[in-house]
Each structure stands twice: as C-alpha cells, then as structure tokens.
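Have a look at the structure below before the remarks.
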Amino acid sequence: MGRTRSSGRHQSSVEAVVERVDGGLARLVPDRERARGWTLLIDGAPQSHVDLDDPAYLSFEYQRRFGHVVDLVAPPGKPLQAVHLGGGAFTLARYVAATRPRSTQQVVERDAALVRLVRRELPLDARARIRVRSADAREGLAKVPDGWAGLVVADVFSGARTPAHLTSAEFLDDVRRALAPGGVYAANLADGPPLAHLRGQIATAAARFAELALIADPAVLRGKRFGNAVLVASDAPLPIAELTRRAASDPHPGRVQHGRDLIDFTGGAAPVTDRAAVASPAPPASVFR
C-alpha cells in the first residue's frame, strides 16, 4: 500500500489505500476538497464518506437524510443509545458522537477485514462510546438487550444488495424488540423501476410500525431511476413537517411521503416474510459510473 504525506490544505499528494476485504476490493480514496476527507468504495461502489476533521459533515445524499433523522429523534444534544447495522466507515456513528456527545453506540459489521482497515486508516475518536462488533447484522441485533436502543439504523449491503434476511417482517420484529418505547428505526433502501422491492419494504414496515415516512428523490419515487430511499418508522408520531423541510433544503432536494399517500404507494404489496424474502435488486452498472 502506497501513500505520501500531504503538506497542504487538500490531499493532493495522498494516495488511495487499496486492500482486499471480505466483501471485495476496498478503496479508501482521499477527498481532494477536504484535508482529511475519505471515500470508501467496495468493488467500485461508493459506501461511505468520512471527514476526520469534521465528522458532522455528511457528503452522501442518503447519509444526510439519516442525519436529519438523528437530529430529530431526540432534543438537540441529548445522548442516544443507537445500533448501526452495517458499518462501512462508521460515518453515521461518528456523526452521532459529534452531534450528541456521551451517546452510547453499537455498530454491527460482518466484514471483519473492513473493520480492521477502517479502524487503522480512519480511527474513531477515542472518547466516542462506540463498540464495533464483527457479526452478521441480524445475529448482532439479537444480542441487543430488549428496549435498549432509541435508534436502530439499517444500512447493510452485500455486493450492492441488501441481504434477504434483513428485509422481512421477522427481522423487524427483532428491531422492535431492541427499540425503547417511542424509538425510531431508519433503513437505507435501494431500488429502481418498477419499485417492487421498495413497495414491499414499506408494506412490511407498515405491518409492524404505527408511523412511517419515506425520504427520497422525486425521480426515484416516480420510478424514473434507480436510487436510495430512507425509510423511517416508529410507534410514536414522527416529525413529518421538519423532516419535509430539511429534505427539501438538501443540495439534492428530497420528498417525504407519509400517511395514506405512503400506504397507497405500496400498490397493495404484501408484507415480506422470511420464507419469501429475497435480496434487494442489483443496481444497474451505470449507477456507479
């Protein structure tokens, strides 16, 4: 692995770090605009962006939407107990630690080699209360005590697809078990036309949670292109008005669907069970060009 030391404000002289991990070929690419910013790619697919100098900075569109959920799930600055299923470069866990000091977090990331790479190259703040466990997301979730988490985030992809066993009603039953009363579940969902996967995931969440919202690019919701959508679910009322305002003001504005409109969006899709679950669709090759 080769690299040189950056002497200026930007990382113009720092080389990428390339290393084989369990999930494929990982590349940590320096951000030319941020002195200590890095993008993690696995087999060419962007996974995470981290700015070690400013962990509250969220570059990716869907991560900004996760950030809105983190900001609104509790009063500003109040510590959270959070579970992150899928680690990547620990972007959201770093965000929670920066914006809500004294939060206690668990990150579950199956790829042990990736965890070692990220810990070595993009070390976590030693003061952050972040525990990282190398395990399957569902197995790791099963170890979370009942009612422990105020927030559970699912952002798990294997080969750019969400594994089937993380798409079912039974999986959401365990999410609910781990959540405290009024806790919030947020998931990164990826789909494209005809949006069958996304509709099924909304129907599944609606069978388990009283309140839902979906944040996505309008073109994705219209089935015009493949992209990410952030599903937010809780048994407590969600801050729809503020989520809507924040999503609309993002650099790439998003739309929030909720209530009857969101249920109608499912088109009568049935909830997904373990027996019928399949992985999310693979993105077209053009997505990462």
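When reading the values below, keep in mind they use all heavy atoms of this one structure, side chains included, and skip hydrogens, waters and symmetry mates. Just so it is clear, the structure is predicted and the values come from calculations on it, not from any experiment.
Panel note: side chain Asp111, backbone Gly23; a donor-acceptor pair is recorded below 3.5 Å. The backbone N or O of Val70 lies less than 3.5 Å from a partner atom in the side chain of Arg100, making a donor-acceptor pair. Put simply, the side chain of Arg34 never gets that close to the backbone of Val50: no donor and acceptor are under 3.5 Å apart. Judged purely by atom type and a 3.5 angstrom limit, Glu211 has no side-chain atom pairing as donor or acceptor with the backbone of Leu238.
Heavy-atom neighbours of Arg27 CZ from other residues, nucleotides or ligands within 6.0 Å: at or below the threshold of 12.
Nearest heavy atoms, Ala203 versus Thr266: N-CG2, 3.9 Å. Across all non-hydrogen atoms, the minimal contact from Ala216 to Ala229 is CB-CB, 3.7 Å. Shown here for Val108 and Gly140, the closest heavy-atom pair between the two residues is CG1-CA, 3.9 Å. Pairing each heavy atom of Val115 with each of Ser134, the nearest pair is CG2-OG, 3.9 Å. Residues Ala56 and Thr99 share a closest heavy-atom pair of CB-CG2, 4.2 Å. Annotation for Gly87 and Glu109: closest pair N-OE1, 2.7 Å, computed over non-hydrogen atoms.
When each of Asp264, Leu221, Thr244, Leu212 is checked for a side-chain contact (heavy atoms from CB on, under 4.5 Å) with Gln257, only Leu221 meets the rule. The one candidate from Val153, Asp155, Val107 that meets the side-chain contact (heavy atoms from CB on, under 4.5 Å) condition with Leu92 is Val153.
Atom CZ of Arg64 and atom NE2 of His252 lie 9.0 Å apart (nearest 0.5 Å). Distance check, rounded to the nearest 0.5 Å: CD1 of Ile263 to CZ of Arg199 gives 12.5 Å.
The side-chain heavy atoms of Arg129 and Gln105, taken from C-beta on, include no pair separated by under 4.5 Å. Side-chain contact between Ile202 and Leu262 is present, with at least one heavy-atom pair separated by less than 4.5 Å. Using a 4.5 Å heavy-atom threshold, the side chains of Thr204 and Thr167 count as separate. In this structure the side chain of Asp191 never reaches within 4.5 angstrom of the side chain of Ser280, judged on heavy atoms. Side-chain contact between Val17 and Leu117 is present, with at least one heavy-atom pair separated by less than 4.5 Å. Trp38 is not listed as a side-chain neighbour of Val118, based on a closest heavy-atom distance of 4.5 Å or more. By the 4.5 Å heavy-atom criterion applied to side chains, Gln63 and Ser48 are counted as neighbours. Under the 4.5 Å side-chain criterion, counting only non-hydrogen atoms from C-beta, Thr91 is not in contact with His49.
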Between Leu179 and Val152, does a side chain to side chain contact (heavy atoms under 4.5 Å, CB included) hold up when you go through it step by step? CA-CA 7 Å; Leu179 281 172; Val152 174; 3.7 Å; yes

Set out, in order, the CA-CA distance, both residues' side-chain angles and the distance that settles side chain to side chain contact (heavy atoms under 4.5 Å, CB included) for Arg94 and Leu52, then state yes or no. CA-CA 9 Å; Arg94 299 174 198 264; Leu52 296 178; 3.7 Å; yes

Leu85 and Leu166: side chain to side chain contact (heavy atoms under 4.5 Å, CB included), yes or no, with the steps? CA-CA 10 Å; Leu85 305 178; Leu166 304 181; 5.8 Å; no

Test side chain to side chain contact (heavy atoms under 4.5 Å, CB included) applied to Gln106 and Lys143, step by step: CA-CA 11 Å; Gln106 298 184 37; Lys143 297 182 185 301; over 6 Å; no

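In the hydrophobic cluster analysis, where Ile, Leu, Val, Met, Phe, Trp and Tyr join through side-chain heavy atoms closer than 4.5 angstrom, Val232 is grouped together with Leu80. Residues Val73 and Ile240 are members of one and the same hydrophobic cluster, defined by side-chain heavy-atom contacts under 4.5 angstrom among Ile, Leu, Val, Met, Phe, Trp and Tyr. In terms of hydrophobic clustering, with Ile, Leu, Val, Met, Phe, Trp and Tyr side chains grouped at heavy-atom distances under 4.5 Å, Val175 and Leu198 are assigned to a common cluster. Criterion: ILVMFWY side-chain heavy atoms under 4.5 Å apart, direct or through other members. Under it, Phe265 and Leu189 are part of a common hydrophobic cluster. Follow the hydrophobic side-chain contacts under 4.5 Å out from Leu214 and you reach Leu172 in the same cluster.
Asp274 meets the salt bridge (Lys or Arg N to Asp or Glu O under 4.0 Å) test with Arg138; sequence neighbours excluded. Judged as a salt bridge (Lys or Arg N to Asp or Glu O under 4.0 Å), and not counting sequence neighbours, the contacts of Arg208 are Asp173. A search for ring pair (Phe, Tyr, Trp, His ring centres under 6.0 Å) contacts involving Tyr62 returns Phe66, not counting sequence neighbours.
The residues Glu19 and Arg116 are annotated as not salt-bridged, no charged nitrogen and carboxylate oxygen being separated by less than 4.0 angstrom. A salt bridge links Arg245 with Glu242; the closest basic N to acidic carboxylate O contact falls under 4.0 Å.
Applying the side chain to side chain donor-acceptor pair (under 3.5 Å) test to every pair with at least one member in residues 67-76, sequence neighbours left out, gives these pairs: His68-Asp250, Asp71-Tyr95, Asp71-Arg246. Applying the side chain to side chain donor-acceptor pair (under 3.5 Å) rule to pairs touching residues 227-236 yields Arg176-Asp235, Asn188-Asn228, sequence neighbours excluded. Residue pairs satisfying the side chain to side chain donor-acceptor pair (under 3.5 Å) criterion with at least one member in residues 215-224, sequence neighbours excluded, are listed as follows: Asp217-Arg225.
A perpendicular orientation is assigned to the rings of Phe171 and Tyr185, their planes being inclined by more than 60° (bins at 30° and 60°).
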